Participant: 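Here's a structure for you.
Both ligands and their constituent atoms are indexed starting at 1 by order of listing. These numbers come from a predicted model, not from an experiment.
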Amino acid sequence: MVQGDPWKNALKQLDDACHILKLDKGTRDYLAEPNKVLRVKLPVKMDNGKIRIFTGFRSQHNNDRGPYKGGIRYFNPEGGVEYMEKEVKALSAWMTWKCAVVDVPLGGGKGGIYVNPKTEKLSEGELERLTRRFAFAISEIIGPKKDIPAPDVYTTGKEMAQIMDVYGKLAGVEYEPGVITGKPLSQGGSLARNVATGLGCAYCIREAAKTLRLKLRGARVVIQGYGNAGTFTAEYLEKMGAKIIAISDSKGSIINQNGLDSKKVLAFKEKTGSVVGYPGSKKISTQDLLTTKCDILVPAALENQINAAVAKKLQCKIIAEAANGPTTPDADPVIYDKKIMVIPDILANSGGVCISYLEWVQNNMGYYWSFDEVASKMENHIVRGFRDTLALSKKHKIDMRRAAMVLAVGRVVEAFKAKGLWP
Ligand code: NAD
């Protein structure tokens, strides 16, 4: 949840969970700070022959349940390099909780370079030299049993393959696919990785609908954001019988109460650059999209979309947070009072990390599963995560967001206590 100071938000969520779990201050402090934050200087020779210095980070939050896991982003947040360090720390903590909620045996990490490759128009060569320099700089602290990065904002399988290549050569093993996930299939990537977040989100929604005795067949769905997470959530919900009635992207929002064909809307967006103008649909405002009467609202775009004012006008039964941090903290009590079920981001969009985990497992054993095998293993993790969260939400009479944090923090503490402190 990135609003104001992301690090403060992360600590507030942790404190709430520690309070419910009645944890002592020492344990709380242990869980708060990352185990290690590495900040590296990255000198790169640019195409014009001059040297430019970039700054990179890797935050390793917690590894009590397994090696650190989390993305590497190339981004330049408005707050600058110092803000990015705080953001990366907070995101590494959320990775710890996300892995624990769905019970994958990994910890939490996050990293990045302060650079925007899109707006700065770095050439392919500059980007590759930057990526390889970063891989060199963090090579001592990553590894298949230490810390396993993945793609994130503005990084793709291409950068992952380059990092894997640098790591393998430095480690003297040449081929070490388990050091990183989100790789191209030809380099040890996993089937189903591209659909993972949307498919996982659809599984969560199916479980929520069962809990609320809401029939998915004919259920009305609104999707904000039509990128990777949004399109595959829409596609799989449609396969489960739901009707997509409204969709948005950065250019605007559209609605058709009779239903929109998710694949045809995507083809239209790919051809024209936006969902706006799709035949038979009407353009509406973002506010109207979010507050449209529907059964399921899927924010799959940006942070801070649903604040208290928007929450008061919501007319849905389920909110599935495919995006990270789409709901502001002041909206949560309003949503809870309206008895809308929120599937929090750390659960709703955990399909991606589940399949990253399964990619790592396949790399380690050197044997590769079919799409259906990977999807069904991911489904087991997600369904258990949902049910365990729901049980805690009922037990403590708290919303699903707090329940997911209580579940995750409880699991990490259990692992920490079982291992003990040494040295
Ligand atoms: P993406 O870049 O593929 O798509 C983002 C979509 O949001 C685009 O369609 C864009 O047009 C739209 N968008 C941007 N601004 C908008 C606005 N103001 N209103 C409506 N739509 C807008 O990104 P993605 O990978 O789908 O990620 C979306 C969200 O899901 C992010 O919060 C991301 O952190 C989260 N997430 C994604 C994954 C994953 O595996 N893709 C995993 C976990 C979390």
Participant: Just heavy atoms, cut-off under 4.0 Å: does A322 contact ligand 1 by side chain, backbone, both, or neither?
Facilitator: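 Looking at A322 and ligand 1, just backbone atoms fall under 4.0 Å.
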
Participant: So which heavy atom in the protein is nearest atom 11 (O) of ligand 1, and how far is it from that ligand atom?
Facilitator: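 Protein heavy atom at minimum distance: S250 N, 3.0 Å.
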
Participant: With a 4.5 Å heavy-atom cut-off, do V40 and F54 have their side chains touching?
Facilitator: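 Not in contact.
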
Participant: Pairs of nitrogen or oxygen atoms closer than 3.5 Å, one from G227 and one from ligand 1: do any exist?
Facilitator: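 Right, the criterion is met.
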
Participant: Establish, from distance only, whether the side-chain atoms of D47 and S123 form a donor-acceptor pair under 3.5 Å.
Facilitator: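 Distance-only check passes for D47 and S123.
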
Participant: Angle between ring planes, Y30 versus F416, binned at 30° and 60°: parallel, tilted or perpendicular?
Facilitator: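 Answer is parallel, since the angle falls under 30°.
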
Participant: Is the closest heavy atom of T286 to ligand 1 under 4.0 Å?
Facilitator: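 No, T286 has no heavy atoms under 4.0 Å from ligand 1.
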
Participant: Does G352 have a non-hydrogen atom less than 4.0 Å from ligand 1?
Facilitator: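 It does not; every heavy atom stays at 4.0 Å or beyond.
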
Participant: Kindly confirm or rule out an N or O of Q305 lying under 3.5 angstrom from an N or O of ligand 1.
Facilitator: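 No, there is no polar N/O contact under 3.5 Å.
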
Participant: Tell me whether K89 forms a cation-pi arrangement with W7, defined as NZ or CZ under 6.0 Å from the six-membered ring centre and within 45 degrees of its axis.
Facilitator: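 Verdict for W7: a cation-pi partner in K89.
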
Participant: Pick from V275, I247, I255: which one makes a side-chain contact (heavy atoms from CB on, under 4.5 Å) with L260?
Facilitator: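 In the set V275, I247, I255, the residue that makes a side-chain contact (heavy atoms from CB on, under 4.5 Å) with L260 is I247.
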
Participant: Does E303 reach ligand 1, in the sense of a heavy atom lying below 4.0 Å from it?
Facilitator: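 Outside the 4.0 Å threshold, so no.
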
Participant: As a check for students: among T197, D152, V195, D249, identify the option with a heavy atom nearest to atom 20 (C) of ligand 1.
Facilitator: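 Comparing heavy atoms across T197, D152, V195, D249, the nearest one to atom 20 (C) of ligand 1 lies in D249.
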
